[in-house]
Amino acid sequence: MNFLALIPARYASSRFPGKPLADIHGKAMIHRVYERCVSVFGDDCYVATDDTRIESAVQAFGGRVIMTSTTHRSGTDRCAEALDTAEQLTGRTFDVVVNIQGDEPFIAAEQLQQIRGCFDDPETQIATLVKPFTPEENIFNENSPKVVLSASGDALCFSRSVIPFLRGVPREEWQARHTYYKHIGLYAYRSEVLRTITRLPASPLEKAESLEQLRWLENGYRIRTAVTTLESHAIDTPEDLQRILRLFPAEG
């Protein structure tokens with residue numbers, strides 16, 4: 001099975017302009033993400049961007065980069081265009097596209113292998129990772145989407161609200177009484193599924209929660225999950241970057 005790893009990256013982040021080029025111990029953030037991906041997917045790894053500054057930075061460290069449209073609403077849409085370009089460039093067909101967030105410089109090879117392994121099942125259409133909330137984490141944080149899983153490990157629903165609601169249980173006891181899962185924003189899709197879901201109009205649930213994966217569920221697609229015990233270290237703001245630099249003070 002042929003996997004294509006894509007790292008969508010844009011310069012114009014409202015909360016952190018130029019984020020992909022932010023320095024992390026002497027290397028740009030996008031460089032560190034790329035190194036992690038190449039360790040698992042080898043040469044079939046590309047940064048997908050709409051900005052020439054990011055393109056130049058990737059080329060400078062010897063990475064592969066694909067230029068895309070400036071009109072994409074999401075990384076998923078950018079990946080769909082980059083898939084077509086990558087197949088044209090290589091003359092090959094890719095069975096699965098893995099969408100790695102460009103602001104996850106410490107994504108673990110184990111997590112990339114986990115999402116890759118979801119496609120050992122030929123029935124898997126879309127895959128993502130989830131992680132149990134720890135007792136120290138705030139399940140009521142709306143910026144950390146929650147996931148409810150089926151007995152077979154498929155995602156039943158995503159929400160910024162806490163799901164499930166524990167009726168008759170004080171809110172301060174919810175985490176002690178139930179295992180809540182948070183969504184880790186790493187996706188993989190069968191190529192034909194990726195091309196189809198990016199042509200679907202925004203759905204009511206997607207608009208309500210601002211979570212694109214709800215569009216896929218509303219249209220009948222199954223999202224297989226793998227449970228990781230490793231923490232996600234996404235960087236959304238300059239303050240997040242400073243926190244990460246303190247957490248990972250040395251190379252490696």
Colleague: Do I54 and L21 have side-chain heavy atoms sitting under 4.5 Å apart?
Modeller: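 The answer is yes; the side chains approach within 4.5 Å.
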Colleague: Applying salt bridge (charged side-chain N to carboxylate O under 4.0 Å, His left out), run through K27 and E35 and close with a yes or a no.
Modeller: CA-CA 11 Å; K27 292 182 180 179; E35 287 180 327; 2.8 Å; yes
Colleague: Flag the pair R215 / I197 as yes when at least one side-chain heavy-atom distance between them is below 4.5 Å, and no otherwise.
Modeller: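 No. Closest side-chain heavy atoms not under 4.5 Å.
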Colleague: Taking the side chain as everything from C-beta on, heavy atoms only, tell me whether T128 gets closer than 4.5 Å to I223.
Modeller: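 They are in contact (side-chain heavy atoms under 4.5 Å apart), so the answer is yes.
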Colleague: Indicate whether the side chain of E209 and that of S159 have a donor and an acceptor atom separated by less than 3.5 Å.
Modeller: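 Result is yes, a qualifying pair exists.
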Colleague: Q111 and L129: side-chain contact (heavy atoms from CB on, under 4.5 Å), yes or no, with the steps?
Modeller: CA-CA 8 Å; Q111 293 172 310; L129 298 185; 3.6 Å; yes
Colleague: If you look at every heavy atom in A86 and L4, which pair is closest and at what distance?
Modeller: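 Minimum heavy-atom separation between A86 and L4: CB-CD2, 3.8 Å.
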Colleague: What are the two closest non-hydrogen atoms of I115 and A127, and how far apart are they?
Modeller: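 That would be CD1-O, 3.5 Å.
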Colleague: Taking C-beta and beyond as the side chain, do M67 and T52 meet within less than 4.5 Å on heavy atoms?
Modeller: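 They are in contact (side-chain heavy atoms under 4.5 Å apart), so the answer is yes.
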Colleague: Using 0.5 Å steps for rounding, measure from the CG atom of L200 to the CD atom of E212.
Modeller: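 Answer for the CG-CD pair, L200 versus E212, is 11.5 Å.
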Colleague: Looking just at side-chain N and O atoms, do Y181 and T225 make a donor-acceptor pair shorter than 3.5 Å?
Modeller: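 No pair is found: no donor N or O on one side chain lies under 3.5 Å from an acceptor on the other.
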Colleague: Say you draw a straight line from CG of D51 to CZ of R53; how long is it, rounded to the nearest 0.5 Å?
Modeller: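 One finds 4.0 Å between CG of D51 and CZ of R53.
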Colleague: Testing the 3.5 Å rule here: is there a donor-acceptor pair between the side chains of S161 and E142?
Modeller: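 No donor-acceptor contact under 3.5 Å links the two side chains.
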Colleague: In terms of hydrophobic clustering (I, L, V, M, F, W, Y; side-chain heavy atoms under 4.5 Å; direct or indirect links), are Y189 and V130 co-clustered?
Modeller: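 Linked within one cluster.
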Colleague: Verify, without hydrogens or angle tests, whether Y180 (side chain) and P164 (backbone) share a donor-acceptor contact under 3.5 angstrom.
Modeller: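 Pair found, side chain donor or acceptor close to backbone of P164.
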Colleague: With a 3.5 Å distance limit and no angle check, can you tell me whether R224 reaches the backbone of D154 through a side-chain donor-acceptor pair?
Modeller: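 No, R224 side chain to D154 backbone: no donor-acceptor pair under 3.5 Å.
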Colleague: Hey, could you give me each pair passing ring-ring contact (aromatic ring centres under 6.0 Å, His included) that has a residue in residues 116-141? Not counting sequence neighbours.
Modeller: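 Found F140-W174.
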Colleague: Count the heavy atoms belonging to other residues, nucleotides or ligands that lie under 6.0 Å from CD of E218, then report whether that count exceeds 12.
Modeller: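 It does: E218 CD has more than 12 such atoms within range.
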Colleague: Look at the side chain of Y34 and the backbone N and O of M29, then say whether any donor-acceptor pair between them is shorter than 3.5 Å.
Modeller: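 Looks like no, no N/O pair under 3.5 Å.
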Colleague: Quick one: which of T198, D50, D77 gives a side-chain contact (heavy atoms from CB on, under 4.5 Å) with H72?
Modeller: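 Passing option: D77.
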Colleague: Any side-chain donor-acceptor pair under 3.5 Å between T134 and E137?
Modeller: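 Yes, because at least one side-chain N or O of T134 sits under 3.5 Å from a partner of the opposite role on E137.
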Colleague: Does the side chain of R246 come within less than 4.5 Å of Q242's, by heavy atoms?
Modeller: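 Heavy-atom side-chain distance check passes, below 4.5 Å.
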Colleague: Are side-chain heavy atoms of V47 and I30 found at a separation under 4.5 Å?
Modeller: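 V47 vs I30: side chains touch.
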Colleague: How many angstroms lie between atom OG of S210 and atom CZ of R160, to the nearest 0.5 angstrom?
Modeller: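 The OG atom of S210 sits 5.5 Å away from the CZ atom of R160.
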Colleague: First locate atom CG of L214, then atom NZ of K207, and finally report the distance between them rounded to the nearest 0.5 Å.
Modeller: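 That separation rounds to 13.5 Å.
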Colleague: A side-chain contact here means heavy atoms from C-beta on lying under 4.5 Å apart; do R10 and T49 qualify?
Modeller: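 No, side chains not in contact.
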Colleague: How far apart are the closest heavy atoms of L112 and C37, and which atoms are they?
Modeller: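 What the structure gives for the nearest pair is CD1-CA, 4.0 Å.
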Colleague: Please confirm whether the backbone N or O of V227 pairs with a side-chain atom of K131, one donor and one acceptor, at under 3.5 Å?
Modeller: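 No: the side chain of K131 does not pair with the backbone of V227.
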Colleague: Roughly how far, to the nearest 0.5 Å, is the CG atom of L89 from the CZ atom of R92?
Modeller: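 Taking CZ in R92 and CG in L89, the distance rounds to 11.5 Å.
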Colleague: Look only at the side chain of E104 and the backbone of V33, and say whether a donor-acceptor pair between them is shorter than 3.5 Å.
Modeller: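 Checked: no pair found.
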Colleague: Just checking, is any N or O donor in the side chain of T237 or R15 under 3.5 Å from an acceptor N or O on the other one?
Modeller: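 Absent: no donor and acceptor within the cut-off.
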Colleague: Does the R222 side chain pair with the main chain of T124, one donor and one acceptor, at a distance under 3.5 Å?
Modeller: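 Not confirmed, R222 side chain does not pair with T124 backbone.
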Colleague: On the six-membered ring of F3, is R116 placed so that its NZ or CZ lies under 6.0 angstrom from the centre and within 45° of the ring axis?
Modeller: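 Geometry flag: set, cation within 6.0 Å and 45°.
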Colleague: Determine whether I100 and I66 fall in the same hydrophobic cluster, where Ile, Leu, Val, Met, Phe, Trp and Tyr are linked whenever their side-chain heavy atoms lie under 4.5 Å apart.
Modeller: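 No, I100 does not connect to I66 through the hydrophobic network.
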Colleague: Could you walk me through whether L156 and L149 pass the side-chain contact (heavy atoms from CB on, under 4.5 Å) check?
Modeller: CA-CA 5 Å; L156 293 175; L149 307 180; 6.0 Å; no
Colleague: Indicate, with yes or no, if Y46 and L186 share a hydrophobic cluster defined by side-chain heavy-atom contacts under 4.5 Å among Ile, Leu, Val, Met, Phe, Trp and Tyr.
Modeller: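 No, L186 does not connect to Y46 through the hydrophobic network.
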Colleague: Mark yes or no for whether S39, through its side chain, and R36, through its backbone, hold a donor-acceptor pair below 3.5 Å.
Modeller: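 Pair found, side chain donor or acceptor close to backbone of R36.
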Colleague: Starting from the C-alpha separation in whole Å, work towards a yes-or-no answer on side-chain contact (heavy atoms from CB on, under 4.5 Å) for V193 and W216.
Modeller: CA-CA 10 Å; V193 171; W216 313 336; over 6 Å; no
Colleague: Flag yes if L83 and Y187 sit in one hydrophobic cluster, no otherwise; membership is Ile, Leu, Val, Met, Phe, Trp, Tyr, and two members link when side-chain heavy atoms are under 4.5 Å apart.
Modeller: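 Cluster IDs for L83 and Y187 match.
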Colleague: Are the side chains of R64 and V58 in contact, using a 4.5 Å heavy-atom criterion?
Modeller: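 The answer is no, as the side chains (C-beta and beyond) never meet within the 4.5 Å cut-off.
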Colleague: With no hydrogens and no angle check, is any side-chain donor or acceptor of R199 less than 3.5 Å from a backbone partner on R195?
Modeller: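 Answer holds: yes.
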Colleague: I'd like to know if the side chain of E206 and the backbone of L211 have a donor-acceptor N/O pair within less than 3.5 Å.
Modeller: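 Not a single qualifying donor-acceptor pair exists.
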Colleague: Does I184 belong to the same Ile/Leu/Val/Met/Phe/Trp/Tyr cluster as F158, with side-chain heavy atoms less than 4.5 Å apart forming each link?
Modeller: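 No.
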Colleague: For K19 and D103, run salt bridge (charged side-chain N to carboxylate O under 4.0 Å, His left out): C-alpha distance rounded to whole Å, both residues' side-chain angles, the deciding distance at 0.1 Å, then the answer.
Modeller: CA-CA 8 Å; K19 179 170 62 172; D103 58 6; 3.1 Å; yes
Colleague: What's the shortest heavy-atom distance between V96 and A188, and which atoms?
Modeller: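 Nearest pair, atom of V96 first, then A188: CG1-CB, 4.2 Å.
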Colleague: If you look at every heavy atom in I235 and L241, which pair is closest and at what distance?
Modeller: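 Closest approach of I235 to L241: CG2-N, 3.8 Å.
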Colleague: Check whether any side-chain N or O of D44 sits under 3.5 Å from a backbone N or O of F41 as a donor-acceptor pair, and report yes or no.
Modeller: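 It does not hold such a pair.
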Colleague: How long is the span from the CD atom in E110 to the OG1 atom in T228, to the nearest 0.5 Å?
Modeller: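 E110 atom CD to T228 atom OG1 measures 6.0 Å (nearest 0.5 Å).
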Colleague: Can you see which heavy atom on S69 is nearest to which on R78, and at what distance?
Modeller: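 Shortest heavy-atom contact: O-NH1, 3.0 Å.
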